[in-house]
Amino acid sequence: MEMKKNKHSGRVIAGPTNPMVTPLLTDLYQFTMAYAYWKAGKHQQRAVFDLYFRKNPFRGEYTIFAGLEECVRFISNYKLSDEEIDFIRSSLSISCEDGFFDYLRGIDCSDVEVYAIPEGSVVFPKIPLMRIEGPVAVVQLLETPFANLINYASLVSTNAARHRFVAGKSKTLLEFGLRRAQGPDGGVGASKYCYIGGFDATSNVAAGRLFGIPLRGTHSHAFVSSYMSLDEIVDKSLHREDGSSTYEDFVSLVQTWLSKIQWSKSLRGVFSETNQSELAAFISYALAFPDNFLALVDTYDVMRSGIPNFCAVALALNDLGYKAVGIRLDSGDLAYLSCEIRKIFCSIENEFGLPGFGKTSITASNDLNEETLDALNKQGHEIDAYGIGTYLVTCYAQAALGVVFKLVEIINQPRIKLSEDVSKEGDRILCRHPFQESKRAYVVPQRVEELLRCYCAGTSDKKEETLPPLRDIRERCIKQLEQMRPDHMRRLNPTPYKVSVSAQLYDFIHYLWLNEAPVGELQ
């Protein structure tokens with residue numbers, strides 16, 4: 001990954017995670033506008049643009065801001081190659097002068113300032129997430145890539161946060177969406193931003209390597225159905241967990257336990273004979289991963305085969321000092337099955353004196369979404385972890401966030417800039433609804449936080465924020481969500497979250513709008 005040193009700040013920042021994020025990842029009209037600015041001699045005029053969104057996604061009342069780090073990586077390494085400039089030349093009109101392409105060759109964004117709300121923050125509509133200041137032609141070239149990098153990142157982080165809220169703090173959430181995501185970039189990005197939004201781990205190995213996200217995964221139905229009989233297990237030996245000795249016939253130990261539990265109080269009458277090919281698959285997997293045995297139990301019959309086979313293998317592992325992780329359900333009545341399975345685990349713990357076996361983990365998957373999680377909660381269940389894929393990573397409930405990038409100031413002339421001096425704690429402030437004149441109230445803030453912080457100082461002497469590690473971004477998101485009232489976060493009909501402006505800012509906004517809006521004339 002290429003890294004460049006900022007000529008003013010001296011910082012060295014790695015390039016974008018995705019190598020496709022280059023200066024050409026933009027719309028053609030950004031280059032046509034840049035040429036028009038250059039042709040008119042306006043290209044160096046200092047301009048300010050705000051990036052924000054107009055409406056919270058998923059009919060909710062909050063959004064998680066994400067994607068900032070990739071924007072900073074992009075701008076810190078911005079440089080058009082000769083090949084890219086040649087392509088731009090071939091894509092524009094032949095009337096474009098050579099001097100413009102010389103100008104493009106010199107752009108490195110070192111004179112651009114970027115201010116932003118910290119990544120992982122809870123944010124709201126029409127509040128600037130980022131403010132970009134610099135030569136108008138250069139900042140215009142950043143519009144499309146910045147919108148692209150923020151849009152999906154914030155959308156999927158918000159989707160993940162909503163799933164976390166419905167599932168509850170105690171549940172383990174696993175992102176399993178790679179195979180259903182919109183291409184490789186969608187899959188890798190989803191893993192990163194679902195982690196920010198509160199998921200605990202991913203199945204995506206590439207994302208684990210790139211971002212340090214914990215990895216989780218065991219086996220599929222195909223692994224189970226690939227076995228035909230116990231005869232396929234050639235090496236039946238297994239070292240004890242403490243390494244003291246080797247048990248030569250683990251298969252026989254499992255069969256002994258299967259016979260015991262068949263006539264136990266826990267499972268008596270539940271099954272007569274389990275599927276032996278499934279048992280072979282479970283034993284084979286346990287021999288490969290004795291310290292991380294988690295079995296998919298619904299390939300054939302959950303209660304008559306999958307659970308007895310799992311318990312037999314788990315109890316045999318216990319004899320050798322290992323502790324089975326748990327089971328996964330990928331079909332059926334998840335609430336009912338999880339409750340019945342928990343009863344069996346608890347009965348085995350009591351009958352055979354195995355402390356902790358009753359708490360063996362139960363994971364559920366199979367096209368889960370917010371609605372199904374909510375339904376499971378209402379039904380009552382014993383699920384400890386959820387593997388969620390399609391509805392999560394594709395943001396099935398809403399396709400896009402709708403980020404916009406608006407010019408708010410040029411050569412110190414405001415166009416619609418929503419900013420002013422920061423208030424102080426304890427000051428009595430008249431707050432107003434930005435658009436409805438009658439809605440207003442006095443507020444005495446107990447805490448005041450400046451939202452926009454400097455991430456790229458350009459040629460100014462401002463101190464630049466350090467890009468935090470992914471884990472810290474995730475922690476920020478979790479802590480901010482914990483401060484939200486539950487009624488603002490509920491899945492259906494959330495209480496509107498009120499964002500107000502000061503009286504001075506309200507007056508300025510409306511003065512500016514009235515001053516800019518055309519006045520009609522009645523004939």
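Hydrogens, waters and symmetry mates are skipped; everything else that's a heavy atom, side chains included, is used.
Residues Q483 and Q480 bring no donor and acceptor atom of their side chains to less than 3.5 Å of each other. In the model, R216 has no side-chain atom that pairs as donor or acceptor with a side-chain atom of T202 under 3.5 Å. Donor-acceptor pairing under 3.5 Å is lacking for the side chains of N369 and H163.
With ring centers used as reference points, F31 lies 6.0 Å or more from Y35. Between Y497 and F124, the distance from one ring center to the other falls under 6.0 angstrom. A ring-centre distance under 6.0 Å is found for F293 and F310.
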Show the numbers, then the answer: is there a side chain to side chain contact (heavy atoms under 4.5 Å, CB included) between L373 and R491? CA-CA 11 Å; L373 295 182; R491 190 173 71 85; over 6 Å; no
Could you go through the side chain to side chain contact (heavy atoms under 4.5 Å, CB included) check for Y103 and H43 one step at a time? CA-CA 10 Å; Y103 162 69; H43 59 292; 3.5 Å; yes
Residue pair Y227, S284: steps toward the side-chain hydrogen bond (donor to acceptor under 3.5 Å, both in side chains) verdict: CA-CA 9 Å; Y227 282 81; S284 179; 2.5 Å; yes
Would you check, one step at a time, whether the test side chain to side chain contact (heavy atoms under 4.5 Å, CB included) holds for L296 with T218? CA-CA 8 Å; L296 179 59; T218 52; 5.8 Å; no
Checking T172 against D200 for the side-chain hydrogen bond (donor to acceptor under 3.5 Å, both in side chains) test, could you report, in this order, the C-alpha distance in whole Å, the side-chain angles of both residues, the deciding distance, and whether it holds? CA-CA 6 Å; T172 299; D200 298 290; 4.6 Å; no
After noting the C-alpha distance and the side-chain angles of T390 and R180, does the key distance pass the side-chain hydrogen bond (donor to acceptor under 3.5 Å, both in side chains) rule? CA-CA 6 Å; T390 306; R180 304 285 173 79; 2.9 Å; yes
Worked verdict on V403 versus F146 for side chain to side chain contact (heavy atoms under 4.5 Å, CB included): CA-CA 9 Å; V403 165; F146 274 19; over 6 Å; no
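Between H219 and F223, the ring planes lie tilted relative to each other; the angle falls in the 30° to 60° range.
The 12-atom threshold is exceeded at CD of Q182, counting heavy atoms of other residues, nucleotides or ligands nearer than 6.0 Å.
When each of L407, N412, V408, I410 is paired with V48, the side chain to side chain contact (heavy atoms under 4.5 Å, CB included) condition holds for V408 and for no other.
R131 has a carboxylate O that lies under 4.0 Å from a charged side-chain N of D50, or vice versa, which qualifies the two as a salt bridge. Looking at E464 and K462, no side-chain N of the basic residue comes within less than 4.0 Å of a carboxylate O on the acidic one, giving no salt bridge. R105 and D82 are joined by a salt bridge, as a carboxylate oxygen and a charged side-chain nitrogen come within less than 4.0 angstrom of each other. Ion pairing of E475 with R471 is absent here, as no side-chain N (NZ or NE/NH1/NH2) approaches a carboxylate O to less than 4.0 Å. In this structure, D472 does not pair ionically with R476, as no charged nitrogen and carboxylate oxygen lie closer than 4.0 Å. Between R46 and D111, no side-chain nitrogen of the basic residue sits less than 4.0 Å from a carboxylate oxygen of the acidic one, so the salt-bridge criterion is not met. Salt-bridge annotation for E370 and R164: absent, with no side-chain N of the basic residue lying under 4.0 Å from a carboxylate O of the acidic one.
With contacts defined as side-chain heavy-atom distances shorter than 4.5 Å, the pair T144/L25 does not qualify. Considering only heavy atoms from C-beta on, L155 stays 4.5 Å or farther from T158 through its side chain.
Residues satisfying the salt bridge (charged side-chain N to carboxylate O under 4.0 Å, His left out) criterion with R490, sequence neighbours excluded, are absent altogether. Annotation: salt bridge (charged side-chain N to carboxylate O under 4.0 Å, His left out) contacts of K55 (sequence neighbours excluded): none.
With hydrogens and angles ignored, the 3.5 Å screen pairs no side-chain donor or acceptor of D86 with any backbone N or O of S81.
Sorted by first and then second residue, the side chain to side chain donor-acceptor pair (under 3.5 Å) pairs involving residues 56-68 (not counting sequence neighbours) are N56-T63.
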